[in-house]
Amino acid sequence: MSEKHIVVQGATCKCKFSVEPKMDKLKVKTQTKHYANDKDGKDKLIATDKEIGQTLEKNTFGKCKMQPNGSGDYLPCQATITKWSGFYEKTTLSNQGKLLLEDSKATCPIGGPDCIEIDKHGQVTEPSQQNFKNSNPDVQNQINPLLDLKGMSKPKLKHLDIESI
């Protein structure tokens, strides 16, 4: 079984009953302590199964196929999450929530069970100074010959005032 990513604030979600393939971003509203892949601890709050209700940025995925209006068109989606499935059971955060994973699914009262899926988990790699210190310069040079990690750790030379002749 491959590794699964933890879902964080800003993850994009989609509904299988959306007429147009519209996405919406998840907002974490149930906790303010736990972050993932965010060295400054300000952007990537970890999402849990407690993210219930209108916990999306726009709370809509466009028009909903499950709500025909009778004239060949559809009513607008009003995304409301009633529960999550497929979350990670072995860890509980301070809000008593379980971690959402990239394959977790949400239930909407109109679309039914598991109609809302995570499209992108929201994490973005943020290399830090420690990552450069821990990397093998020879391997990095083979991957990217234009990058010289050995030269990056040397102090930069300072130019003194040079008088023109």
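None of the values given here were measured: they were computed from a predicted structure.
Listed by first and then second residue, the side-chain hydrogen bond (donor to acceptor under 3.5 Å, both in side chains) pairs involving residues 68-83 are K63-D73, N69-S71 (not counting sequence neighbours). Listed by first and then second residue, the salt bridge (charged side-chain N to carboxylate O under 4.0 Å, His left out) pairs involving residues 86-97 amount to none (not counting sequence neighbours). Among residues at least two apart or in separate chains, there is no ring-ring contact (aromatic ring centres under 6.0 Å, His included) pair with a member in residues 48-72.
D43 and Y35 get closest at one heavy-atom pair: N-CE2, 3.9 Å. Looking at every heavy atom in both residues, C77 comes nearest to T60 through O-OG1, 2.9 Å. Considering all non-hydrogen atoms of both residues, C13 and L26 come closest at SG-CB, 4.3 Å. Minimum heavy-atom separation, A106 to I81: CB-CG2, 3.8 Å. Of all non-hydrogen atoms in K65 and V19, the two that sit nearest each other are CG-CG2, 3.8 Å. When all heavy atoms of V28 and L45 are compared, the pair lying nearest together is CG2-O, 3.6 Å.
Residues passing the side-chain hydrogen bond (donor to acceptor under 3.5 Å, both in side chains) test with K105, sequence neighbours excluded: none. With sequence neighbours left out, the side-chain hydrogen bond (donor to acceptor under 3.5 Å, both in side chains) criterion links T30 to E51, N95. For K33, the side chain to side chain contact (heavy atoms under 4.5 Å, CB included) partners two or more places apart in sequence, or in a different chain, are Q31, S94. In this structure, the side-chain hydrogen bond (donor to acceptor under 3.5 Å, both in side chains) partners of E102, at least two apart in sequence or on a different chain, are H5.
Between the CD atom of Q9 and the NZ atom of K44 there is a distance of 8.5 Å, given to the nearest 0.5 Å.
Other residues, nucleotides and ligands contribute only 12 or fewer heavy atoms inside 6.0 Å of the NZ atom of K25.
Applying the 4.5 Å side-chain rule to ILVMFWY residues, one finds I143 in the same cluster as V139. Applying the 4.5 Å side-chain rule to ILVMFWY residues, one finds I6, Y88, L93, L99, L101 in the same cluster as I46. The hydrophobic cluster containing V8, built from Ile/Leu/Val/Met/Phe/Trp/Tyr side-chain heavy atoms closer than 4.5 Å, comprises no other residue. M66 shares a hydrophobic cluster with F17, I110; the chain of contacts runs through ILVMFWY side chains whose heavy atoms sit under 4.5 Å apart.
The shortest side-chain heavy-atom distance between I52 and W84 falls under the 4.5 Å cut-off. The closest side-chain heavy-atom distance from T12 to D24 is not below 4.5 Å.
Residues K98 and T91 have side chains that never bring a donor and an acceptor to within less than 3.5 angstrom of each other.
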Please list, one pair per line, the donor and acceptor atoms closer than 3.5 Å that link side chains of residues 112-122 to other protein atoms, with sequence neighbours excluded.
residue	atom	partner	partner atom	Å
D114	OD1	S85	OG	2.7
H121	ND1	Q123	N	3.0

